Each structure stands twice: as C-alpha cells, then as structure tokens.
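One structure is given below, encoded as structure tokens.
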Amino acid sequence: GAVVSQHPSRVICKSGTSVKIECRSLDFQATTMFWYRQFPKQSLMLMATSNEGSKATYEQGVEKDKFLINHASLTLSTLTVTSAHPEDSSFYICSAIQGAVAYEQYFGPGTRLTVT
Amino acid sequence: GDSVTQMEGPVTLSEEAFLTINCTYTATGYPSLFWYVQYPGEGLQLLLKATKADDKGSNKGFEATYRKETTSFHLEKGSVQVSDSAVYFCALSDQLTGGGNKLTFGTGTQLKVEL
C-alpha cells in the first residue's frame, strides 16, 4: 500500500528555536497533504491542509505564522514550528491523499516534538 | 460542529474474546464513517468504512454498522488475537461541512490482547 514517511520521528529543541518536520509520500504523488496535532489521550486535531504549489489552508485557531507549511512538490510537505515554546510540545502527524476522497488518506508515523 | 465520541481505554481482553468498541457521532450533514487502526510505531491505517446508513464495513474480521437512528458506528470482532493490539480511532468526514476531505477523529481506544 501507499507509504508516507515523516522525519524526524523525535526531536528535542530549545525554546525559541525553529524545527522543521518533513512528510514524504514514498510511492505516490500526493495532491493534498494534511497536518494534524495530537495531545495525549486526545483526538487528532487537523491543523492545516496543503495542496502542492499553493498556500496552505489553516484551521481556525491555528497560527499560520507559527506553523509554516510548504508543499513544494507532489511528494514533500514540510511543517516548520517557528520560535517553539514548551506548549508546542506535541505529536505531529501528516497524511496524504492521491485523489479527492478523504478516507483514502495515508498517514505518516508521526513526529514527537519536545520543546525544553 | 461535527464530533466523534468513543469509549476510553485501555481495553484489555484475553485472546479469542469478543470485542466491542463504542463510537457515536454528531454531524451536520450526511457523514461517512471510518475506523482507523494504529499499530505501535506505525501510522494510522484505514480499517473499514461505511458511507451511508445501514452500510456495514468489514475487514480482517472486524465489522461496524452505520446506525443513523442511534448515530453510532460500533466496532466489533468475534475473536481477537494478540496481533490486534493497537489503538483504534473512529472518524467521520462530512461532505456538508468539510467538503468531504476533512476527517474528524475520536480520541482513540487502546486495545490490549493478552494470551
């Protein structure tokens, strides 16, 4: 089946620094990628939807200047957490779809971000 | 807005026991319903889906029936195996509010199956 990878799987950074997380579709071209955030024992919360070559669409309450999303190619999207703070510590998950149907999302394994 | 509520875990069962994980939803439009599974260290995988009322989704021995009258989509399996140990997420997509591309997830239920 379709495979989505994320890198890194874990990252620890100091408060005030920026961190980039990569999401790659390994064996298909992803027209749309999604970024989620998951807190312990809580749902996956959609942060933004990105389409290749265009600006990401952010969900209400998500700061677009803090969570920069770039979808420069059909196989790569990046999420940059700028000026990270301890409250940004979380589990970030990306997913990708080939077509237009939501349930055909293929998920990455997630990235654990810890801000100290 | 749309929401999904599923039972809290962890659920611990012995091998070959019957499994039920409850899931109920609220939605503005006519949602499609899904169960995703996340094995340790891996990404979420679609387990099964149902797109309209009374549909039954099934896969790998798991089943769930879309019950519009009770707004439920409970996951069942007749005989669980140790390899079924994972976190299970109930989710919906609502064509009316999300254009069909937005998934709303429950909190996930961890299943532990013991020998």
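Note that this is a predicted model, so its numbers are computed, not measured. Here is the naming used below: chain letters follow the sequence lines, and residue numbers restart at 1 for every chain.
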With rounding to the nearest 0.5 Å, note down the distance linking [atom1] in [X] to [atom2] in [Y].
X: Ser95(A); Y: Leu44(B); atom1: OG; atom2: CG; answer: 9.0 Å
X: Gln38(B); Y: Leu44(A); atom1: CD; atom2: CG; answer: 7.5 Å
X: Gln105(A); Y: Tyr36(B); atom1: CD; atom2: OH; answer: 5.5 Å
X: Leu103(B); Y: Tyr36(A); atom1: CG; atom2: OH; answer: 4.5 Å

A quick test of your reading: do over 12 heavy atoms of other residues, nucleotides or ligands sit less than 6.0 Å from [atom1] of [X]?
X: Met7(B); atom1: CE; answer: yes
X: Ile12(A); atom1: CD1; answer: no
X: Gln81(B); atom1: CD; answer: yes
X: Lys112(B); atom1: NZ; answer: no

Same cluster for Phe28(A) and Leu76(A) if Ile/Leu/Val/Met/Phe/Trp/Tyr side chains link at under 4.5 Å? no
Give the cluster check for Leu47(B) versus Val87(B): same hydrophobic cluster or not, with ILVMFWY residues linked at side-chain heavy-atom distances below 4.5 Å. no
When only pairs under 4.5 Å are counted, which of Ser9(A), Gly110(A), Pro109(A) shares the most heavy-atom pairs with chain B? Pro109(A)
Exam field: side chain Thr107(B) to backbone Ser43(A), donor-acceptor pair closer than 3.5 Å: no
Measure distances from Gln6(A) to the heavy atoms of chain B and classify the residue's part below 4.5 Å as side chain, backbone, both or neither. neither
